[in-house]
Amino acid sequence: MSESLDKKIIGCNFPQVHRFTQGYDPEASNGLFSLYKYREDFPDYIPNLDGFMISSCTKLTDFISSSFSHRLRIMNERAKTILEQHHLGSYRFYPLVLYKGKVKYDYYLFNFISTYSDFVNYEKTSFQEYNIANGEKSEVFFVKSRADFLHKKSVIEHEKGISWGIWGSEIVMSKGFDQNWIFLLSAYLMQIFM
């Protein structure tokens, strides 16, 4: 699963959501940004996610791209139902409201905790630098270990900015990985795999 830059699919903007309605406070104690500190567990509250704005020329899709986090995904009921049919590990769906002008659309924020990166065989996996803002990719490269991968990811983000990350070109999983899982490596690779 990956985000599209095709304007015939998503409309005029990428990401599709990049601002909030007037009066919504993402920095409130139960706002969107409060979820950022939960990387290994979930909050004991349901966050207030009633205030996400899309422009009038943005098309509604099953998955909505946002500039807020690669770990938090916005999706509609149809996408939620499909994902719930698979093994996803630790996750939560939170109600989210999208506004297109004054019209409200009910969506969900998918929040997951990924531990599947432990199953990646880093030495055999090929990677690319990837700019999520424009789809630009580098040549394929390899790393020797998870630590090497994390170091390279940090260097790329520092030198090129937060829109840059590492994309798995061909991901090889280690023995012991259950092939029936949908796995989520987004915390490291900016991707979700099915």
Side-chain angles (χ1 to χ4, degrees), residues 1-39 42-86 88-114 130-137 157 160-165 167 182-194:
M1 178 171 69
S2 62
E3 294 172 330
S4 176
L5 299 173
D6 187 342
K7 292 186 178 196
K8 292 177 187 169
I9 295 172
I10 66 169
C12 64
N13 289 331
F14 180 85
Q16 292 158 287
V17 172
H18 55 89
R19 59 191 176 113
F20 303 106
T21 58
Q22 186 174 6
Y24 178 75
D25 182 4
E27 295 181 11
S29 63
N30 65 341
L32 172 68
F33 297 164
S34 71
L35 295 175
Y36 292 178
K37 64 185 172 192
Y38 294 96
R39 295 186 91 41
F42 298 102
D44 59 0
Y45 58 88
I46 296 175
N48 172 14
L49 302 172
D50 185 349
F52 290 67
M53 181 67 78
I54 59 176
S55 69
S56 61
C57 60
T58 297
K59 294 183 180 181
L60 294 172
T61 54
D62 292 335
F63 294 89
I64 300 287
S65 59
S66 83
S67 59
F68 306 122
S69 173
H70 60 273
R71 193 174 50 85
L72 304 170
R73 299 293 178 140
I74 300 171
M75 64 190 66
N76 65 12
E77 181 71 36
R78 178 180 164 199
K80 176 182 179 280
T81 300
I82 291 169
L83 285 182
E84 288 177 322
Q85 296 172 15
H86 300 278
L88 300 173
S90 297
Y91 70 95
R92 301 282 187 278
F93 285 104
Y94 301 116
L96 180 144
V97 179
L98 286 178
Y99 290 86
K100 188 172 185 177
K102 294 186 181 197
V103 180
K104 293 169 61 167
Y105 296 92
D106 292 328
Y107 271 70
Y108 295 91
L109 185 73
F110 177 56
N111 184 11
F112 63 90
I113 297 171
S114 174
Y130 180 73
N131 183 338
I132 195 164
N134 65 16
E136 181 183 345
K137 292 181 184 177
E157 289 174 354
K160 295 187 175 183
I162 62 169
S163 67
W164 281 89
W167 202 261
I182 285 182
F183 58 104
L184 310 164
L185 298 172
S186 184
Y188 293 110
L189 297 174
M190 298 172 61
Q191 292 169 274
I192 295 178
F193 299 90
M194 303 176 84

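Position 1 is the first residue of the sequence; numbering continues from there.
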> Looking at Glu84, I'd like to know if its CD atom is crowded, meaning that more than 12 non-hydrogen atoms belonging to other residues, nucleotides or ligands lie closer than 6.0 Å.
yes

> Quick one: are Phe93 and Met75 in side-chain contact, heavy atoms under 4.5 Å?
yes

> Between Ser65 and Gln16, is there a donor-acceptor pair closer than 3.5 Å when you use the side chain of the first and the backbone of the second?
yes

> Once you round to the nearest 0.5 Å, how far does CZ of Phe33 lie from CG of Leu72?
10.5 Å

> Are the aromatic ring centres of Phe20 and Phe52 under 6.0 angstrom apart?
yes

> How about Leu49 and Val97: do any of their side-chain heavy atoms sit closer than 4.5 Å?
no

> Can you name the nearest heavy-atom pair linking Ser34 to Ala28, along with the distance?
CB-O, 4.0 Å

> Got a second to check how far Leu98's CG is from Lys104's NZ, nearest 0.5 Å?
11.5 Å

> How many angstroms lie between atom CG of Asn131 and atom NZ of Lys160, to the nearest 0.5 angstrom?
8.5 Å

> If you compare all heavy atoms of Ala79 against all heavy atoms of Phe63, which two are closest, and at what distance to 0.1 Å?
CB-CZ, 3.6 Å

> To the nearest 0.5 Å, what is the distance between NE2 (His18) and CE (Met53)?
10.5 Å

> Do the non-hydrogen side-chain atoms of Leu96 and Ile64 ever get within less than 4.5 Å of each other?
no

> Could you check if a side-chain atom of Pro43 sits within less than 4.5 angstrom of a side-chain atom of Tyr94, using non-hydrogen atoms only?
yes

> Where is the tightest heavy-atom contact between Glu157 and Trp164, given as atom of each residue plus distance?
CG-O, 3.3 Å

> Are any side-chain N or O atoms of Tyr24 and backbone N or O atoms of Asn48, one a donor and one an acceptor, separated by less than 3.5 Å?
yes

> Could you tell me how the ring of Tyr91 sits relative to the ring of Phe110: parallel (under 30°), tilted (30 to 60°) or perpendicular (over 60°)?
tilted

> Is the shortest heavy-atom distance from the side chain of Phe42 to the side chain of Leu35 under 4.5 Å?
no

> Measure from the ring center of Tyr107 to the ring center of Tyr105 and say whether it is less than 6.0 Å.
no

> Quick one, Leu60 and Ile54 - any side-chain contact, counting heavy atoms below 4.5 Å?
yes

> Distance alone, cut at 3.5 Å: any donor-acceptor contact between the side chains of Ser29 and Tyr45?
no

> Between Asp62 and Ile82, is there a side-chain heavy-atom distance shorter than 4.5 Å?
no

> Rounded at 0.5 Å granularity, tell me how far CD1 in Ile46 sits from CG in Asn30.
10.5 Å

